[in-house]
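Just passing along the structure, written as structure tokens.
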Amino acid sequence: MYYYIFRQIVGLEDYSRNTMTKHTTKEQDDPLIEVHKLTKTYWNGDIPIRAVRGVNLTIKEGDFIALMGPSGSGKSTFMNLLAFLDAPSSGRYIFSGSDIKDFDDDYLAELRNAVIGFVFQQFHLLPRTSALDNVALPMLYAGIRKRRAREHAYEMLKKVGLEDRIYHKPNELSGGQQQRVSIARALINEPKVIFCDEPTGNLDSKTSIEIMDILKKLHKEGKTLIMVTHEPHIAKYASRTIYMKDGSISQS
Ligand SMILES: Nc1ncnc2c1ncn2[C@@H]1O[C@H](COP(=O)(O)OP(=O)(O)OP(=O)(O)O)[C@@H](O)[C@H]1O
Ligand SMILES: [Mg+2]
């Protein structure tokens with residue numbers, strides 16, 4: 001229950017809502033993410049590594065962004081900042097109308113679990129855990145009872161076409177199936193935004209298309225997607241492409 005109260009506080013849940021039914025309201029013109037002069041500097045002893053250098057960007061609700069750029073240009077660092085996985089060194093980050101500097105780490109961790117889904121190149125599934133429980137995990141973290149989390153996990157696995165593989169462990173699944181499990185896991189808390197860091201980086205071209213078709217469908221349903229990719233034909237699935245170079249956005 002805390003999970004829903006929390007989402008209500010951050011304005012992501014209708015107060016009248018008391019079921020698991022999805023709201024699909026799409027407020028296309030509302031900025032979901034706004035960053036102003038955002039920077040991230042790592043320190044290697046006395047030597048600064050300016051991974052993100054003063055990025056300004058607005059991402060609207062329902063956007064599908066492809067983030068491209070050479071290795072080391074700051075894509076993952078920038079995505080980690082947007083996903084509250086790392087704190088910026090300077091600049092402002094407004095998420096859904098709130099300045100994140102007003103939130104402490106615990107609040108940001110809860111916010112992340114409630115509103116953000118992740119899909120990674122390496123899948124990051126728990127190896128000795130069934131597809132069903134891998135998908136249920138973020139709901140269990142959010143304090144939902146196991147039975148309900150599993151029921152919902154089953155629905156998410158059905159959505160990605162894996163209802164006949166729910167008891168398989170990751171090593172009993174193909175790469176594409178593992179990535180579908182990780183998409184189902186990303187979806188389970190009904191996130192506002194899904195971050196994908198090279199979601200097709202480990203997949204063959206046929207499987208990549210299957211995964212991109214799923215992401216395209218999620219975009220059509222109103223999800224906001226931010227995807228890092230090195231492949232131009234994968235970037236074409238997005239509605240907007242942003243290029244990073246040396247920590248700056250060089251074109252958008
Ligand atoms: N935790 C860290 N500590 C120090 N330096 C880091 C750290 N993470 C990244 N960097 C440096 O910041 C820069 C940007 O790295 P980042 O991982 O964001 O690049 P990327 O665009 O995602 O590259 P790739 O396409 O290879 O994944 C690089 O120079 C990298 O070495
Ligand atoms: Mg990266």
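Counting convention: from 1, in listed order, for ligands and their atoms alike. For this chain, numbers begin at 1 and follow the sequence in order. We use all heavy atoms of the structure for the numbers below, so side chains are in, but hydrogens, waters and symmetry mates are not.
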Considering non-hydrogen atoms of the protein only, which is the closest contact for atom 28 (C) of ligand 1, and what is the distance? G72 O, 3.9 Å

What's the separation between atom CE in M79 and atom CD1 in I65, rounded to the nearest 0.5 Å? 12.0 Å

List the closest protein heavy-atom neighbour of atom 12 (O) of ligand 1: residue, atom name, distance to the nearest 0.1 Å. A51 CB, 3.4 Å

Do S90 and K37 have side chains that approach each other closer than 4.5 Å (heavy atoms only, starting at C-beta)? no

Any non-hydrogen side-chain atom of V35 less than 4.5 Å from a side-chain atom of F78? yes

Atom 30 (C) of ligand 1: closest protein heavy atom, distance to 0.1 Å, is I49 CG2, 4.8 Å

A student comparing T229, D86, T77 should find that the heavy atom closest to atom 18 (O) of ligand 1 comes from T77

Check ligand 1 against S73 and write out every atom of the ligand that is under 4.0 Å from a heavy-atom position of the residue. 19 (O), 21 (O)

Consider every N or O of G69 and every N or O of ligand 1, then say whether any pair is closer than 3.5 Å. no

Distance below 4.0 Å between atom 15 (O) of ligand 1 and any protein heavy atom? yes

So the atoms of ligand 1 within less than 4.0 Å of a heavy atom of H230 turn out to be 25 (O)

Between S182 and Q179: side-chain donor-acceptor atoms closer than 3.5 Å: yes

Looking at the Mg ion (ligand 2), is one of the N, O or S atoms of S71 less than 2.8 Å from it? no

Should R92 and K101 count as side-chain neighbours, where that means a heavy-atom distance under 4.5 Å? no

What is the nearest protein non-hydrogen atom to atom 9 (C) of ligand 1, stated with its residue, atom name and distance? Y42 CE1, 3.5 Å

For the OH atom on Y93, are there more than 12 heavy atoms of other groups (residues, nucleotides or ligands in this structure) within a distance under 6.0 Å? yes

Ligand 1 to P70, heavy atom cutoff 4.0 Å, flagged ligand atoms 21 (O)

May I ask you to check whether F103 and F84 place their ring centers less than 6.0 Å from one another? no

Atom 21 (O) of ligand 1: the protein heavy-atom neighbour that sits closest, reported with distance to 0.1 Å: K75 NZ, 2.8 Å

Tell me: protein heavy atom nearest atom 26 (O) of ligand 1, and distance? S71 OG, 2.5 Å

Determine, for K159 against E155, whether the closest basic-nitrogen to carboxylate-oxygen distance falls under 4.0 angstrom. no

Considering only protein heavy atoms, which is closest to atom 27 (O) of ligand 1, and at what distance to one decimal place? S76 OG, 4.0 Å

Roughly how far apart are R50 CZ and T41 OG1, rounded to 0.5 Å? 5.0 Å

Considering only heavy atoms from C-beta outward, does the side chain of T241 approach that of M68 to under 4.5 Å? yes

Protein non-hydrogen atom found under 4.0 Å from atom 4 (C) of ligand 1: yes

